[in-house]
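As structure tokens, the structure follows; a few thoughts come after it.
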Amino acid sequence: MNAERPPAPFIVGVMRSGTTLLRLMLDAHPAMAISPETHFVPKLIKRMRKGTRDADGVLEVITSGTRWPDFHLDAEVLRERLREREPLDPGTALRVFYEAYAERFGKPRWGDKTPGYGKRLIRISRALPEARFIHVIRDGRDVALSRRRRATNPAPVEKHAKRWQARIKSTRRRARSVSHYIEERYEELVLDPEPVLRRVCEFIELDYDPVMLRYYERAEERLQEIANPFAKMSVERRLEAHRLAAQPPQRGRIGAWREGMTPAEIAEFEAAAGAMLDELGYERANPS
């Protein structure tokens, strides 16, 4: 890797697994800015590999995404910065975007938190060799409980269980083809965050700073950048989805499924994804 390009963390995982919590912790570091969910990165890489190399084409992909307002960047300033680097390749175009985002906060380093990029590890690593993937894993029963509580018409528990299991398998399978990948547990991040953050900092070659443990002091302010309507989701609902992540670690969220799910729902989840629970070392309520 070019010595001038420090590692760039990409936080991935199943939704409601603690990716926002880790994002806020790393983002509290004085040298690191972690963007909110981008979603355009795989599309941009694909478009550029098909021939798009100019600033206008790149900017169209970036700004046409529904998340563009979350970054609070000036499109014309970004266009000029992209033009300065023409002809563009995917890695250069992405670095221009992330560097512009980090500069908003006066920080020299950048990263990304988009949970779904677990499906795009290989594509991203080819465009950005400095990418280092951090896969946050949480007990799937707590994931299902969290998602169902937020849903107007919650999907069946079995569907959540199968999706959780499949996405972890998918990310792990793709991880075998990239050079830099680690897994961290949500439960450890909540119960004892310092060792987790020290491991992550070592992985991304970032000096550990205890200020990350006080992420919640400015988390609410940082989350205001996503105070924009998104699809059918109101500003209030978007912010509510991350409300707990803006507070000190909530130990009560670990194992909440024991009280929040019915015995039938627990059995339904474990029947569908018990193998993954076992593989990850999460104890079943109903051992087979």
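When a residue number appears, it is its place in the shown sequence, counting from 1.
In this structure a side-chain-to-backbone donor-acceptor pair under 3.5 Å is missing from R214 to M25. No side-chain donor-acceptor contact under 3.5 Å links R16 to the backbone of A144. Of the possible donor and acceptor atoms, none in the side chain of S17 sits under 3.5 Å from a partner among the backbone N and O of G13. At least one donor-acceptor pair under 3.5 Å links the side chain of S125 to the backbone N or O of L121. Here the side chain of D142 pairs a donor or acceptor atom with the backbone of A256 at under 3.5 angstrom. In this structure, the side chain of R174 engages the main chain of K119 through a donor-acceptor pair within 3.5 Å. Between the side chain of R53 and the backbone N or O of L88, at least one donor-acceptor pair lies under 3.5 Å. Listed for the H29 side chain is no donor-acceptor partner under 3.5 Å among the backbone atoms of V211. Judged by distance alone, the side chain of Q250 and the main-chain N or O of P248 form a donor-acceptor pair under 3.5 Å. Between the K107 side chain and the M32 main chain, a donor and an acceptor come within less than 3.5 Å of each other.
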Please evaluate residues Y282 and E187 with respect to the criterion side chain to side chain donor-acceptor pair (under 3.5 Å), reporting the C-alpha separation (whole Å), side-chain torsions for both, the decisive distance (0.1 Å), and the verdict. CA-CA 11 Å; Y282 291 115; E187 293 80 11; 2.8 Å; yes
Walk me through whether V200 and L206 qualify under side chain to side chain contact (heavy atoms under 4.5 Å, CB included). CA-CA 8 Å; V200 170; L206 179 70; over 6 Å; no
With side chain to side chain contact (heavy atoms under 4.5 Å, CB included) as the criterion, how do R185 and R138 come out once you've worked through the C-alpha distance, each side chain's angles and the decisive distance to 0.1 Å? CA-CA 6 Å; R185 297 299 179 89; R138 182 185 187 186; over 6 Å; no
Are F269 and W164 close enough, and set up right, to give a side chain to side chain contact (heavy atoms under 4.5 Å, CB included), and what steps lead you there? CA-CA 10 Å; F269 187 100; W164 173 78; 3.7 Å; yes
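Under the 4.5 Å side-chain criterion, counting only non-hydrogen atoms from C-beta, F133 is in contact with V178. Using a 4.5 Å heavy-atom threshold, the side chains of L189 and P249 count as separate. E188 is not listed as a side-chain neighbour of P193, based on a closest heavy-atom distance of 4.5 Å or more. Between Y181 and I134, every side-chain heavy-atom pair lies at or beyond the 4.5 Å cut-off. Counting only heavy atoms from C-beta outward, the side chains of V41 and Y117 approach each other to under 4.5 Å. Under the 4.5 Å side-chain criterion, counting only non-hydrogen atoms from C-beta, P90 is not in contact with R126. Residues T20 and I11 are not in side-chain contact: their nearest non-hydrogen atoms beyond the backbone lie 4.5 Å or more apart. Side-chain contact between H160 and V143 is absent, with no heavy-atom pair separated by less than 4.5 Å.
Taking the six-membered ring where tryptophan is involved, the planes of Y101 and F71 are perpendicular, since the angle between them exceeds 60° and thus also 30°.
Taking the salt bridge (Lys or Arg N to Asp or Glu O under 4.0 Å) definition, one finds that E220 meets it with nothing, sequence neighbours left out. D139 pairs by the salt bridge (Lys or Arg N to Asp or Glu O under 4.0 Å) definition with R141, not counting sequence neighbours. Judged as a salt bridge (Lys or Arg N to Asp or Glu O under 4.0 Å), and not counting sequence neighbours, E268 has no contacts. For K169, the salt bridge (Lys or Arg N to Asp or Glu O under 4.0 Å) criterion is met by no residue, not counting sequence neighbours. With sequence neighbours excluded, the residues that form a side chain to side chain donor-acceptor pair (under 3.5 Å) with T114 are T38, D112.
With V136 as the fixed residue, the side chain to side chain contact (heavy atoms under 4.5 Å, CB included) test singles out one of V12, T19, L21: T19.
Residues I204 and L24 are members of one and the same hydrophobic cluster, defined by side-chain heavy-atom contacts under 4.5 angstrom among Ile, Leu, Val, Met, Phe, Trp and Tyr. In the hydrophobic clustering of this structure, M276 does not group with M15; members are Ile, Leu, Val, Met, Phe, Trp, Tyr whose side-chain heavy atoms approach within less than 4.5 Å, directly or through other members. With hydrophobic clusters built from ILVMFWY side chains whose heavy atoms lie under 4.5 angstrom apart, F10 does not share a cluster with I168. At a threshold of 4.5 Å between side-chain heavy atoms, the hydrophobic network of Ile, Leu, Val, Met, Phe, Trp and Tyr places I182 and L280 in two separate groups.
Ion pairing between D27 and K113 fails under the 4.0 Å rule for side-chain N and carboxylate O. Between R23 and E225, at least one side-chain nitrogen of the basic residue sits less than 4.0 Å from a carboxylate oxygen of the acidic one, meeting the salt-bridge criterion. Salt bridge status for R199 with E194: absent, with no side-chain N to carboxylate O gap under 4.0 Å. A salt bridge between E270 and R284 is absent, with no side-chain N of the basic residue lying under 4.0 Å from a carboxylate O of the acidic one.
Taking CZ of R173 as the start and OG of S170 as the end, the distance is 4.5 Å to the nearest 0.5 Å. We find the CH2-CZ distance between W110 and F105 to be 15.0 Å, quoted to the nearest 0.5 Å.
The salt bridge (charged side-chain N to carboxylate O under 4.0 Å, His left out) analysis of residues 81-98, with sequence neighbours excluded, yields the pairs D56-R83, E80-R83, R81-E103, R95-E130.
Ring-centre distance between F40 and W68: not below the 6.0 Å cut-off.
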